[in-house]
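Note that the structure is a prediction, hence the values are computed from the model and not measured.
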Amino acid sequence: MIEKLQNNDLKVAEKIRAVYQVSYKVEAELLKAVDFPPLRRVIEDYINCSNQFFGFIKENKLAAVVEIIHNKEFTHIRSLVVDPVFFKQGIASKLMEFVLDTFDSSLFVVETGVDNGPASALYKKFHFKEVKQWNTDHGIRKVKFERIINDKT
């Protein structure tokens, strides 16, 4: 089940952050990152964030979270994280379907580390196309994907 998360509530923010921490530890290993900025995101960053958070609840636990920035020009999937306990269960795909079905945009944007094979495969599965690669100040090579949805009306 997918539900909107009230990230400004401390208890909810703590659950969100816990999923981010365990998921980003796996991503940092995939990227061979010594310094991985997402792991330094403090609880106040979640509480005070104006982005929208949606959670996938499984077995009464927060199994995954997608963070969205949506405006009239595009929808940016700021992050999509799955608790490793729930890996390989199709949850990330269900969250992607939810985002694509819920947000009325002609452009969807997402970024990840180049060496994050599972994330890149997910985005490509949903017809995202690579548009850019660059190096960060933290020594991580990133990739940006976009999906353009043509208006057929």
Side-chain angles (χ1 to χ4, degrees), residues 1-8 10-70 74-100 102-103 105 107-147:
M1 178 176 77
I2 298 171
E3 63 183 49
K4 188 166 186 350
L5 302 174
Q6 301 305 318
N7 57 292
N8 57 346
L10 176 61
K11 291 194 183 308
V12 174
E14 288 171 341
K15 290 177 183 178
I16 293 170
R17 185 175 186 273
V19 174
Y20 273 73
Q21 287 292 301
V22 294
S23 181
Y24 278 143
K25 283 179 184 166
V26 173
E27 184 173 5
E29 290 173 16
L30 283 173
L31 302 177
K32 297 174 183 61
V34 177
D35 178 22
F36 196 54
L39 286 171
R40 294 194 312 258
R41 194 172 180 188
V42 296
I43 193 70
E44 291 79 14
D45 292 340
Y46 295 94
I47 293 170
N48 298 321
C49 187
S50 62
N51 301 341
Q52 296 180 62
F53 291 83
F54 297 89
F56 190 98
I57 311 300
K58 186 167 185 176
E59 300 166 9
N60 292 316
K61 294 180 184 165
L62 184 58
V65 180
V66 63
E67 179 180 357
I68 302 295
I69 299 170
H70 175 72
F74 63 90
T75 297
H76 181 189
I77 302 166
R78 174 78 172 75
S79 59
L80 192 160
V81 295
V82 179
D83 184 319
V85 170
F86 297 98
F87 278 4
K88 307 265 186 216
Q89 296 181 26
I91 293 171
S93 289
K94 288 178 181 155
L95 280 173
M96 285 298 300
E97 289 169 0
F98 169 80
V99 170
L100 294 169
T102 301
F103 293 93
S105 292
L107 175 63
F108 290 83
V109 178
V110 66
E111 299 171 1
T112 191
V114 167
D115 291 330
N116 187 342
S120 292
L122 174 71
Y123 305 135
K124 289 175 183 176
K125 172 183 167 183
F126 284 92
H127 309 289
F128 281 73
K129 305 289 184 216
E130 180 180 324
V131 294
K132 178 181 173 185
Q133 284 192 19
W134 71 99
N135 293 319
T136 67
D137 294 342
H138 302 284
I140 297 167
R141 184 102 177 132
K142 289 194 72 176
V143 59
K144 178 179 181 180
F145 292 96
E146 292 182 350
R147 177 174 168 178

*How long is the gap from CZ on Arg41 to OH on Tyr24, to the nearest 0.5 Å?*
7.0 Å
*Minimal non-hydrogen separation, Ser93 against Leu122, with atom names*: OG-CD1, 3.5 Å
_Approximate separation, where rounding is to 0.5 Å, of Gln89 CD and Lys94 NZ_ = 8.5 Å
*What pairs with Lys144 under salt bridge (charged side-chain N to carboxylate O under 4.0 Å, His left out), at least two apart in sequence or on another chain?*
Glu146
*Please check if the distance between the ring centroids of Phe108 and Phe126 is under 6.0 Å.*
no
_Restricting to salt bridge (charged side-chain N to carboxylate O under 4.0 Å, His left out), what partner residues turn up for Arg78, sequence neighbours left out?_
none
*Distance from Leu10 atom CG to Glu44 atom CD, nearest 0.5 Å?*
8.5 Å
*Kindly assign one of parallel, tilted or perpendicular to the pair His70 and Phe103, based on the angle between their ring planes and the thresholds 30° and 60°.*
tilted
Table please: side-chain donor-acceptor pairs of residues 27-39 below 3.5 Å, with sequence neighbours left out.
| unit_1 | atom_1 | unit_2 | atom_2 | d |
| --- | --- | --- | --- | --- |
| Glu27 | OE2 | Thr112 | OG1 | 3.4 |
| Glu27 | OE2 | Asn116 | ND2 | 3.2 |
| Asp35 | OD1 | Arg40 | NH1 | 2.3 |
| Asp35 | OD2 | Arg40 | NH1 | 3.2 |
| Asp35 | OD2 | His138 | ND1 | 3.0 |

*Tell me, yes or no, whether the heavy-atom count around Asn135 atom CG, taken from other residues, nucleotides or ligands under 6.0 Å, exceeds 12.*
yes
*Does Lys15 have any salt bridge (charged side-chain N to carboxylate O under 4.0 Å, His left out) partners at least two apart in sequence or in another chain, and if so, which?*
none
*Distance (rounded to the nearest 0.5 Å) between Leu107 CG and Thr75 OG1*: 8.0 Å
*Test side chain to side chain contact (heavy atoms under 4.5 Å, CB included) on Ile77 and Met96 and set out the steps.*
CA-CA 9 Å; Ile77 302 166; Met96 285 298 300; 3.8 Å; yes
*Got a sec, which residues hit ring pair (Phe, Tyr, Trp, His ring centres under 6.0 Å) with Phe56, two or more places apart in sequence or on another chain?*
none
*Considering residues at least two apart in sequence or located in another chain, which fulfil the salt bridge (charged side-chain N to carboxylate O under 4.0 Å, His left out) criterion with Glu14?*
none
*If you count the non-hydrogen atoms of other residues, nucleotides and ligands that lie under 6.0 Å from NZ in Lys4, is the total more than 12?*
yes
